2 protein chains.
Amino acid sequence: MTTETDTAEELLRRLEDGGHRLTAPRRSALAALAQRPEGFTVEELCREVPWAGRATIYRTVRLLVRMGLVCKLSMLDGKPLYNLAQAGHHHHAICLTCGSVADVSRCGVDHLLENIQLLTGSQVMGHRLEVYVLCASCRATAPQR
Amino acid sequence: MTTETDTAEELLRRLEDGGHRLTAPRRSALAALAQRPEGFTVEELCREVPWAGRATIYRTVRLLVRMGLVCKLSMLDGKPLYNLAQAGHHHHAICLTCGSVADVSRCGVDHLLENIQLLTGSQVMGHRLEVYVLCASCRATAPQR
DNA sequence: CGCATAAATGAGACTAGGTGTCAACACATG
DNA sequence: CATGTGTTGACACCTAGTCTCATTTATGCG
């Protein structure tokens, strides 16, 4: 089983491989972020690592997003939420109750985009898909969030 | 053919039908917005109707969004863009070049959401889909935006 | 018409989320 | 251990939007 520490180590390694320095603020930010598999906001991270500058935390998260290690998604009300990227896909089913994020890439998204090209004659340049769900386990239990 | 004036009149009528007052700031905001079928930002509207208060313009747009007359979508970089709602659907193919918005509802979105429920065992509560395209006519001409 | 009154307005403070600047600092390498 | 570039932190600034509250105004009623 992958622990939070493993996750943080992995991110650290990826940063290093990318030619980035492993500084104290980055280590702390990664450690904090690895403990929140259900997603986090940058302000939350700032509160958890109060001795590091706000700009630094934002820069670290932006770096991780650009490297594809973290993805930024938006909740129903438009508020941003970040979470660890599982792989290279870009589609999520976010549970409104527990915050868990499921991969939706194999549910026909590509097919949908193909249809759009065919039916409208346009060329798809990018897309954003966010699905808000009540996940299987939350359907049976009480809301927590 | 529907002119911009017709559009503004129509919006005005809908507001009135909804029990809202037809005030001068609202009339101007609607007139300005009706002239931008390719979408607009609220700040743009504020610049076009500078004698009306910024809060009022924001309130007017929010009202129109809540009434389903205008929809808020977000561009690839996350910046918000508003445009006149064509109907009750919620899916758009936004041309990155000319800003035109096409309806994508009949391209299999519902089918996709059904698949998600079946494959993940979750209940879909809401979703957001934005597709960024180069529309058919822009594929043949030079970029303008 | 004239009036009452609830709805709407405008100024401006405030919020969230995020970026830009710049002097000071620190990591890794020669 | 010098050196130089990447990184930091403080803080100003930005966009997008909301809230408050005193003032104004559209509209239905008599």
Side-chain angles (χ1 to χ4, degrees), chain A residues 11-33 36 39-67 69-83 128 130, chain B residues 11-33 36 39-67 69-83 128 130:
Chain A
L11 290 174
L12 243 10
R13 207 175 52 66
R14 303 281 217 107
L15 271 191
E16 197 164 30
D17 289 353
H20 302 283
R21 289 184 185 167
L22 304 186
T23 63
R26 282 183 181 164
R27 286 171 193 277
S28 308
L30 294 193
L33 158 173
R36 308 188 118 270
F40 56 90
T41 66
V42 184
E43 296 299 333
E44 272 167 11
L45 242 44
C46 290
R47 262 175 266 127
E48 276 169 44
V49 193
W51 54 268
R54 192 166 157 273
T56 300
I57 308 279
Y58 268 98
R59 280 187 290 241
T60 301
V61 172
R62 185 175 53 192
L63 177 62
L64 293 171
V65 170
R66 283 181 186 159
M67 294 182 74
L69 303 176
V70 156
C71 56
K72 177 181 182 172
L73 29 89
S74 60
M75 297 306 284
L76 257 184
D77 60 5
K79 299 233 163 119
L81 188 73
Y82 294 82
N83 79 324
R128 187 201 307 278
E130 239 104 71
Chain B
L11 290 174
L12 242 13
R13 207 175 52 68
R14 302 282 218 107
L15 270 191
E16 197 164 30
D17 290 354
H20 302 282
R21 289 183 184 172
L22 304 186
T23 62
R26 281 184 182 165
R27 285 173 195 276
S28 309
L30 294 193
L33 156 174
R36 309 190 117 269
F40 57 90
T41 67
V42 183
E43 296 298 334
E44 272 168 11
L45 242 44
C46 289
R47 263 176 265 128
E48 277 171 45
V49 193
W51 55 267
R54 194 166 153 273
T56 299
I57 307 281
Y58 269 98
R59 280 187 289 239
T60 301
V61 173
R62 184 175 53 191
L63 177 61
L64 293 171
V65 170
R66 285 182 184 158
M67 292 180 75
L69 302 176
V70 157
C71 56
K72 177 181 183 174
L73 29 88
S74 60
M75 297 307 285
L76 258 183
D77 61 4
K79 297 229 166 125
L81 187 73
Y82 293 82
N83 80 326
R128 185 200 309 277
E130 240 103 71

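Keep in mind that this is a model prediction, so the values were computed, not measured.
Across all strands shown, B/Arg26 has heavy atoms under 4.0 Å from sugar-phosphate atoms exclusively, and none from any base.
For A/Asp17, the side chain to side chain donor-acceptor pair (under 3.5 Å) test picks out A/Arg13, with sequence neighbours left out. Shown here are the salt bridge (charged side-chain N to carboxylate O under 4.0 Å, His left out) partners of B/Arg21, two or more places apart in sequence or in another chain: there are none. Applying the side chain to side chain contact (heavy atoms under 4.5 Å, CB included) rule to B/Glu44 yields the partners B/Arg36, B/Phe40, B/Thr41, B/Arg47; only residues at least two apart in sequence or on another chain are considered.
One interatomic measurement links the two molecules: CZ of B/Arg47 to C1' of D/dT15, which rounds to 11 Å at whole-angstrom precision. B/Lys79 places its NZ atom 13 Å from the P atom of D/dC14, with the value rounded to the nearest Å. For the pair B/Leu81 CG and D/dA16 C1', the computed distance is 13 Å after rounding to whole Å. As rounded to whole Å, 13 Å separates atom P of C/dG18 from atom CG of B/Asp77. In this structure, B/Trp51 places its CH2 atom 16 Å from P of C/dA8, rounding to the nearest Å. Atom CE of A/Met75 and atom C1' of C/dG17 are 16 Å apart (whole Å).
The main-chain N or O of B/Met75 is found under 3.5 Å from a side-chain atom of A/Arg128 such that the two form a donor-acceptor pair. Panel note: side chain B/Glu130, backbone B/Ser74; a donor-acceptor pair is recorded below 3.5 Å.
B/His20 has a side-chain polar atom (N or O) that falls below the 4.0 Å cut-off from OP1 or OP2 of C/dA8. Between B/Lys72 and the phosphate of D/dG17, there is a side-chain N or O to OP1/OP2 separation shorter than 4.0 Å.
Residues B/Leu33 and B/Leu64 form a side-chain contact, since some pair of their non-hydrogen atoms from C-beta on lies under 4.5 Å apart.
Residue side chain B/Arg54 reaches the base of D/dG17 through a donor-acceptor N/O pair under 3.5 Å, judged by distance alone.
Comparing D/dG17, C/dG17, C/dA8 by their closest approach to the side chain of A/Pro80 singles out C/dG17.
Listed by residue number, the members of residues 55-66 of chain B with any heavy atom below 4.0 angstrom from DNA chain C are B/Ala55, B/Thr56, B/Arg59.
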Per-pair distances, 0.1 Å, donor-acceptor, side chain in residues 53-61 of chain A, under 3.5 Å, sequence neighbours excluded:
| from | atom 1 | to | atom 2 | distance (Å) |
| --- | --- | --- | --- | --- |
| A/Arg54 | NE | A/Glu43 | OE2 | 3.3 |
| A/Arg54 | NH2 | A/Glu43 | OE2 | 3.4 |
| A/Tyr58 | OH | A/Glu43 | OE2 | 2.6 |
| A/Thr60 | OG1 | A/Thr56 | O | 2.9 |

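Between A/Leu15 and A/Leu22, the closest heavy-atom pair is CB-CD2, 4.0 Å.
Residue whose closest nucleotide on DNA chain D sits further toward the 5' end, between A/Ala52 and B/Glu43: A/Ala52.
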Start with the C-alpha gap between B/His20 and B/Arg26, add the side-chain angles, then the distance that decides, and say whether side-chain contact (heavy atoms from CB on, under 4.5 Å) holds. CA-CA 10 Å; B/His20 302 282; B/Arg26 281 184 182 165; 3.7 Å; yes
Hey, what are the protein-to-nucleotides 26-30 of chain C N/O distances that come in under 3.5 Å?
| from | atom 1 | to | atom 2 | distance (Å) |
| --- | --- | --- | --- | --- |
| C/dC27 | O2 | A/Arg21 | NH2 | 3.3 |

